[in-house]
Amino acid sequence: METVSENKCFGGTQGVYSHKSAATGCDMTFGLFLPEEAENGPVPILWYLSGLTCTHENAMTKAGAQAWCAEQGIAIVFPDTSPRGEGVANDNAYDLGQGAGFYVDATQEPWAPHFKMWSYIADELPALLGENFAIDLDRQAITGHSMGGHGALTLAMGLPGRFKSVSAFAPISNPSASDWGRKQLGAYLGGDTSTWAKHDATVMMRETGFKGPILIDTGTDDQFLDLLKPEALANAVNERRQQATLRLQPGYDHSYYFVSTFIEEHVAFHADALYND
């Protein structure tokens with residue numbers, strides 16, 4: 001693992017690191033904020049999964065999460081959204097290929113050799129963090145924005161017992177029924193839609209749910225609201241009688257202005273679960 005940069009930040013350290021990934025078969029970069037408490041022993045960790053076109057850097061510099069994580073004494077990790085580099089498949093469209101990994105393990109060509117983002121987030125990166133940093137892997141929570149909200153919800157429900165809590169900002173909630181989903185799941189996983197089920201939060205909510213608290217915020221002026229389909233997930237939550245807080249925030253759009261407005265509440269929500277579970 002290579003240290004790209006480390007900066008003092010709210011009493012802790014904001015680092016950027018790169019490493020050769022066995023899961024994706026290429027170099028991967030991630031950001032990690034460690035609060036001051038990590039100097040004295042392992043701290044809980046919050047995962048932040050970013051959306052389409054993003055790298056590790058977008059949320060790290062725009063969400064404003066570090067101040068609130070420092071206040072709560074928890075780490076936050078910002079993984080990249082896809083494999084990258086020479087020899088990694090790509091597409092001219094912004095919503096497929098590099099920057100658009102959708103947090104799945106691709107089975108179809110040309111994506112299968114590198115697009116293993118589920119395995120990277122679920123297995124490889126947690127192990128790397130636990131080996132190299134003062135991280136308590138028994139206390140994990142997860143959040144994300146847009147495509148990353150989709151990833152946060154599906155990973156939380158797909159890995160029972162891993163995460164104490166899950167939240168999302170404007171998640172793609174029902175990708176198998178949306179143009180933000182059918183295109184990508186079909187490309188990465190093939191035409192057998194039964195293989196898409198574990199990557200659709202609405203389907204997973206009906207089938208498995210989540211043992212823990214859920215918080216989801218979506219803006220009423222989100223320009224992608226029809227693609228996100230928050231009503232489908234809300235209906236599944238109601239059908240399952242799942243513990244969840246689903247909020248529509250008046251006037252907010254899909255931007256990081258929206259995320260940064262509510263990130264304090266999300267961090268506090270996760271800190272409560274991480275320390276009091």
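Computation of the quantities below employed the complete heavy-atom set of this structure, encompassing side-chain atoms and omitting hydrogens, waters and symmetry-equivalent molecules.
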Is there a side-chain contact between [X] and [Y] (heavy atoms, below 4.5 Å)?
{"X": "Met205", "Y": "Ile214", "result": "yes"}
{"X": "Arg240", "Y": "Arg206", "result": "no"}
{"X": "Pro160", "Y": "Thr208", "result": "no"}
{"X": "Leu185", "Y": "Thr195", "result": "no"}
{"X": "Leu215", "Y": "Arg247", "result": "yes"}
{"X": "Pro83", "Y": "Phe115", "result": "yes"}
{"X": "Ile172", "Y": "Leu227", "result": "no"}
{"X": "Leu52", "Y": "Phe102", "result": "yes"}

### Query
What do the steps show when you test Gln14 against Phe78 for side-chain contact (heavy atoms from CB on, under 4.5 Å), and what is the final call?
CA-CA 11 Å; Gln14 175 62 62; Phe78 306 97; 3.9 Å; yes
Donor-acceptor check, side chain of [X] to backbone of [Y], threshold 3.5 angstrom: yes or no?
{"X": "Asp272", "Y": "Ala268", "value": "no"}
{"X": "Tyr188", "Y": "Gly97", "value": "yes"}
{"X": "Gln66", "Y": "Met60", "value": "yes"}
{"X": "Ser255", "Y": "Tyr257", "value": "yes"}
{"X": "Arg162", "Y": "Leu155", "value": "no"}
{"X": "Gln184", "Y": "Gly181", "value": "yes"}

Are there over 12 heavy-atom neighbours, none belonging to [X], within less than 6.0 Å of that residue's [atom1]?
{"X": "Tyr94", "atom1": "OH", "value": "yes"}
{"X": "Asp179", "atom1": "CG", "value": "no"}
{"X": "Asp192", "atom1": "CG", "value": "yes"}

### Query
How close do Ala134 and Ala38 get, heavy atom to heavy atom, and via which atoms?
CB-O, 3.4 Å
### Summary
Between Pro44 and Gly73, the two heavy atoms sitting closest are CD-O, 3.8 Å
[atom1]-[atom2] distance between [X] and [Y], expressed to the nearest 0.5 angstrom:
{"X": "Glu131", "Y": "Leu137", "atom1": "CD", "atom2": "CG", "result": "9.5 Å"}
{"X": "Gln243", "Y": "Ser165", "atom1": "CD", "atom2": "OG", "result": "10.0 Å"}
{"X": "Leu49", "Y": "Met147", "atom1": "CG", "atom2": "CE", "result": "8.5 Å"}
{"X": "Met157", "Y": "Glu207", "atom1": "CE", "atom2": "CD", "result": "10.0 Å"}
{"X": "Lys183", "Y": "Leu96", "atom1": "NZ", "atom2": "CG", "result": "5.5 Å"}
{"X": "His150", "Y": "Leu233", "atom1": "NE2", "atom2": "CG", "result": "12.5 Å"}

### Query
Which residues pass the side-chain contact (heavy atoms from CB on, under 4.5 Å) test with Ala177, sequence neighbours left out?
Asn174, Lys229
### Message
With side-chain contact (heavy atoms from CB on, under 4.5 Å) as the criterion, how do Glu124 and Tyr120 come out once you've worked through the C-alpha distance, each side chain's angles and the decisive distance to 0.1 Å?
### Response
CA-CA 5 Å; Glu124 185 175 21; Tyr120 178 69; 3.4 Å; yes
For the residue pair [X] and [Y], categorise the inter-ring angle as parallel (less than 30°), tilted (30 to 60°) or perpendicular (more than 60°).
{"X": "Phe258", "Y": "Phe169", "answer": "perpendicular"}
{"X": "His199", "Y": "Trp118", "answer": "perpendicular"}
{"X": "His254", "Y": "His145", "answer": "tilted"}
{"X": "Phe30", "Y": "Phe133", "answer": "perpendicular"}

### Message
Exactly one of Val88, Asp91, Asp105 should register a side chain to side chain contact (heavy atoms under 4.5 Å, CB included) with Trp111. Which one does?
### Response
Asp91
### Task
Establish, from distance only, whether the side-chain atoms of Asp200 and Ser176 form a donor-acceptor pair under 3.5 Å.
yes
### Task
Kindly indicate, with the supporting measurements, whether the criterion ring pair (Phe, Tyr, Trp, His ring centres under 6.0 Å) is fulfilled by Phe33 and Phe10.
CA-CA 10 Å; Phe33 171 74; Phe10 294 103; 7.2 Å; no
### Message
I'd like to know whether Thr55 forms a side-chain contact (heavy atoms from CB on, under 4.5 Å) with Thr29, so could you lay out the CA-CA distance, the side-chain angles of the two residues, the decisive distance to 0.1 Å, and finally the verdict.
### Response
CA-CA 9 Å; Thr55 69; Thr29 301; over 6 Å; no
### Task
Begin from the C-alpha positions of Trp47 and Leu125 and carry the test side-chain contact (heavy atoms from CB on, under 4.5 Å) through to its verdict.
CA-CA 11 Å; Trp47 292 77; Leu125 189 52; 3.6 Å; yes
